[in-house]
Trainee: 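My structure is below; once you've seen it, I'll send some questions.
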Amino acid sequence: MKQILQPISQDVIAEVQISYSSKTKSADRVKITRSHEAVNAFRSFWQNIEHVEYAYLLLLNRQNQILGRYFLAKGGMTGAVIDTRVIFQVALKANATSIMMAHNHPSGNLQPSDADRKITRQIKEAGSFLDIHLIDHIILTEESYLSFADEGLL
């Protein structure tokens, strides 16, 4: 014998709303063609490079113009946890066709760690399924930077 189920109230199921808002005209968007341009863009809003690790994302359109930026993570002195799912949630929300990621090394060491290489690989692979390309992963220090793309590490 089957039990008759009570109808579910629409108040119990949350409505999901996704939004992205930009006041910048397409002609006024910053275009990224080289790693040093991306570094300049990241440094324009970066809080503090020498204290703890931060990770940010640049979201780009098909012309490599910046649609927006997103704060990904704040960590400790030796690492920050980056969730690949959050990266693509944000990229899809912004209708981005490519992304660039950056994080800082407070130690001043530009060498990518095994964790840096692993997350880069994961993001690149996940992006290939969604046709959202990881253009670069940049490690920033106070004085310099390392571009995974420039170094052939992507």
Trainee: Under the 3.5 angstrom rule, does the side chain of D116 hit a backbone N or O of S113 as a donor-acceptor pair?
Mentor: yes
Trainee: Measuring from atom NE2 of H51 to atom NZ of K74, what distance do you get when rounded to the nearest 0.5 angstrom?
Mentor: 6.0 Å
Trainee: Give a yes or no answer on whether the side chain of E151 reaches the backbone of F148 with a donor-acceptor pair at less than 3.5 Å.
Mentor: no
Trainee: Is the number of heavy atoms from other residues, nucleotides or ligands under 6.0 Å of D83 CG greater than 12?
Mentor: yes
Trainee: Look at the side-chain heavy atoms of Ile, Leu, Val, Met, Phe, Trp and Tyr, link any pair under 4.5 Å apart, and say whether I119 and V81 land in one connected group.
Mentor: no
Trainee: Would I82 and M101 satisfy side-chain contact (heavy atoms from CB on, under 4.5 Å), going step by step from the backbone distance to the final call?
Mentor: CA-CA 10 Å; I82 296 168; M101 189 179 95; 3.9 Å; yes
Trainee: If the test is side chain to side chain contact (heavy atoms under 4.5 Å, CB included), which one of V90, L67, L58, I123 qualifies with I99?
Mentor: I123
Trainee: Using distance alone, with no hydrogens and no angle criterion, decide if T120 and H137 have a side-chain donor and acceptor under 3.5 Å apart.
Mentor: yes
Trainee: Parallel, tilted or perpendicular, judged at 30° and 60°: which one describes the rings of Y56 and F45?
Mentor: perpendicular
Trainee: Minimum heavy-atom separation for I87 to L72, with atom names?
Mentor: CG1-CD2, 3.6 Å
Trainee: I would like to know whether S147 and D136 meet side-chain hydrogen bond (donor to acceptor under 3.5 Å, both in side chains); could you show each step before the answer?
Mentor: CA-CA 7 Å; S147 160; D136 206 348; 2.6 Å; yes
Trainee: Do Q65 and L60 make a side-chain contact, defined as non-hydrogen atoms from C-beta onward lying under 4.5 Å apart?
Mentor: no
Trainee: Working to the nearest 0.5 angstrom, can you tell me the gap between D28 CG and K23 NZ?
Mentor: 14.5 Å
Trainee: Show, in sequence, the C-alpha distance, side-chain angles and deciding distance for R121 and R117, and conclude whether the side-chain contact (heavy atoms from CB on, under 4.5 Å) test is met.
Mentor: CA-CA 6 Å; R121 229 180 357 264; R117 292 172 191 268; 4.3 Å; yes
Trainee: Do L130 and F88 make a side-chain contact, defined as non-hydrogen atoms from C-beta onward lying under 4.5 Å apart?
Mentor: yes
Trainee: Indicate the ring-plane relationship of W46 and F42, choosing parallel, tilted or perpendicular according to the 30° and 60° boundaries.
Mentor: perpendicular
Trainee: Rounded to the nearest 0.5 Å, what separates atom CZ in R43 from atom CG in N104?
Mentor: 9.5 Å
Trainee: Nearest 0.5 Å, please: how far is NE2 in H133 from CE in M100?
Mentor: 14.0 Å
Trainee: So, the side chain of S128 versus the backbone of E125: is there a donor-acceptor pair under 3.5 Å, distance only?
Mentor: yes
Trainee: Looking only at non-hydrogen atoms, find the nearest pair between I138 and S35 and report the distance.
Mentor: CD1-O, 4.1 Å
Trainee: About how many Å separate CG of L146 and NE2 of H105, when rounded to the nearest 0.5 Å?
Mentor: 9.0 Å
Trainee: For residues R29 and T24, report the shortest heavy-atom separation together with the two atoms involved.
Mentor: NH2-O, 3.6 Å
Trainee: Rounded to the nearest 0.5 Å, how far does OH of Y54 lie from CG of L140?
Mentor: 13.5 Å
Trainee: Can you name the nearest heavy-atom pair linking P106 to E53, along with the distance?
Mentor: CD-CG, 3.5 Å
Trainee: Ignoring hydrogens, what is the shortest heavy-atom contact between L134 and K124? Give both atom names and the distance.
Mentor: CD2-N, 4.2 Å
Trainee: If you take all heavy atoms of A41 and S44, which pair is closest and at what distance?
Mentor: O-OG, 2.6 Å
Trainee: Which of these, N64, D131, I32, sits in a side chain to side chain contact (heavy atoms under 4.5 Å, CB included) with S98?
Mentor: N64
